[in-house]
Each structure stands twice: as C-alpha cells, then as structure tokens.
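Note that the structure is a prediction, hence the values are computed from the model and not measured. Heavy-atom basis, side chains included; hydrogens, waters and symmetry copies ignored.
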Amino acid sequence: MTTPETTAPATGSPLLQVLRDQRKTIGVALVLVVGTYWIAGQLDRWTLAGCIAAGVGLGLVNHLATELWLLKIIRSGEEVTRGKLAASTFVRLLVLTAVAVGIAVAFWPDGIGLLLGLAIFRLIALVMTGIPLLKELKKP
C-alpha cells in the first residue's frame, strides 16, 4: 500500500513536491526549534538555543537537499551509479561539515550546540524514514 505522499503527480516543481512530501519532517524540525528556544530561553542561554536551532536547520536543509536530488534523479529516469551517489553525498556532507564546524568554532563554547542539533535532527529523521520502511517489510 502506498502513502499519499508517494503518489503525488510528477508534474510541477520538484522543490515544492519535496516540501509537500516532507511536511512531517519539517514540522518536527519546527517543534524542535521552538522547544529549544523555550527550554534554553528559560535558562537564559539564547546563544546556545540559536546554535542548536541552526544545527536542526542545517540538518533539515541537508535532508531536503538529499530528497530533492533523489526526486530529480527519479524523474529524469537515469540510472543512479555508486559513483554518482557517492560524489553527491560527499560534496553535500563536505559543505555541511565545513559550515557546521565553522559556526561551532565561531560561537564556542555554545557553538557545540550546533553539532548537537544536527545529531538530534539526524536521529529523528532516521526514525521517521525507517518506521514506514519497517511497516512495509512487515506486511505479508
């Protein structure tokens, strides 16, 4: 059984389709950012809250960029090679790492929150992606 998110028509902007398909993930990221400001704000740690929120934001941008790249490949009909997949992933993660480490160093010690935000978002995105896959595997 397919979900409504995967049966969207292949017309229109790929970016809009990715944003539509990933609205749950975007919502979770928004809740994480609001929760971060709510908790850290009460502790008067606004810079830490901003760094954690930036980490969640960077994680979301990376996630959406990955989904957009995959959608474009699927729509084009070309075959994905290991080399192409590895090169795309390497470049994306290299840019993400450079930005994350740069911000973390610039705002040290609160900048470490950026890496925490990235890790938390990645874990949640992995769970949100894995649960539907496990449900599909479990079906007879």
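Note: the hydrophobic cluster containing Val99 also contains Trp108 (ILVMFWY, side chain heavy atoms under 4.5 Å, direct or indirect links). Leu85 and Ile74 fall into different hydrophobic clusters, where Ile, Leu, Val, Met, Phe, Trp and Tyr side chains are chained together by heavy-atom contacts under 4.5 Å. Criterion: ILVMFWY side-chain heavy atoms under 4.5 Å apart, direct or through other members. Under it, Val105 and Val95 are not part of a common hydrophobic cluster. Both Val18 and Phe121 sit in one connected hydrophobic cluster of ILVMFWY residues. Membership requires side-chain heavy atoms under 4.5 Å apart, directly or through other members. No single ILVMFWY cluster, assembled from side-chain heavy atoms under 4.5 Å apart, contains both Ile26 and Leu58.
With rounding to the nearest 0.5 angstrom, the OG1 atom of Thr89 is 13.0 Å from the CZ atom of Arg82. Interatomic distance, Ile124 CD1 to Lys24 NZ, rounded to the nearest 0.5 Å: 15.0 Å. Separating the CD1 atom in Ile103 from the CG atom in Asp110 is a distance of 13.5 Å, to the nearest 0.5 Å. Annotation: the span from Arg23 atom CZ to Thr25 atom OG1 amounts to 10.5 Å, rounded to 0.5 Å. A distance of 5.0 Å separates OG1 of Thr129 from NE2 of His63, quoted to the nearest 0.5 Å. Atom-to-atom distance recorded for Thr47:OG1 and Ile52:CD1 is 11.0 Å, nearest 0.5 angstrom.
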**Message:** Please evaluate residues Leu114 and Phe107 with respect to the criterion side chain to side chain contact (heavy atoms under 4.5 Å, CB included), reporting the C-alpha separation (whole Å), side-chain torsions for both, the decisive distance (0.1 Å), and the verdict.
**Reply:** CA-CA 9 Å; Leu114 185 124; Phe107 289 97; over 6 Å; no
**Request:** Run the numbers on Leu64 and Leu19 for side chain to side chain contact (heavy atoms under 4.5 Å, CB included), then give the verdict.
**Result:** CA-CA 8 Å; Leu64 294 176; Leu19 292 174; 3.9 Å; yes
**Prompt:** Given Arg75 and Leu71, is the side chain to side chain contact (heavy atoms under 4.5 Å, CB included) satisfied, shown in steps?
**Reply:** CA-CA 6 Å; Arg75 280 190 179 181; Leu71 181 62; 4.1 Å; yes
**Leu118/Leu96 under side chain to side chain contact (heavy atoms under 4.5 Å, CB included): CA gap, chis, key distance, verdict** = CA-CA 10 Å; Leu118 269 170; Leu96 179 72; 4.1 Å; yes
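Side chains of Asp44 and Trp46: a donor on one and an acceptor on the other come within 3.5 Å.
Residue Arg92 forms a side chain to side chain contact (heavy atoms under 4.5 Å, CB included) with just one option from Val61, Thr66, Thr97, and that option is Thr66.
Applying the 6.0 Å contact sphere to CD of Glu79 captures no more than 12 heavy atoms from other residues, nucleotides or ligands.
Of all heavy-atom pairs between Lys84 and Trp69, the closest is O-CZ2, 4.1 Å. Across every non-hydrogen atom of Ala53 and Tyr37, the tightest pair is CB-CE1, 3.7 Å. Taking every heavy atom of both residues into account, Ala100 and Leu115 meet most closely at CB-CD2, 4.1 Å. The two atoms that bring Ala49 and Ala40 nearest to each other are CB-CB, 3.5 Å, heavy atoms only.
In terms of modelled atom types and a separation under 3.5 Å, the side chain of Ser76 and the main chain of Ile73 share a donor-acceptor contact.
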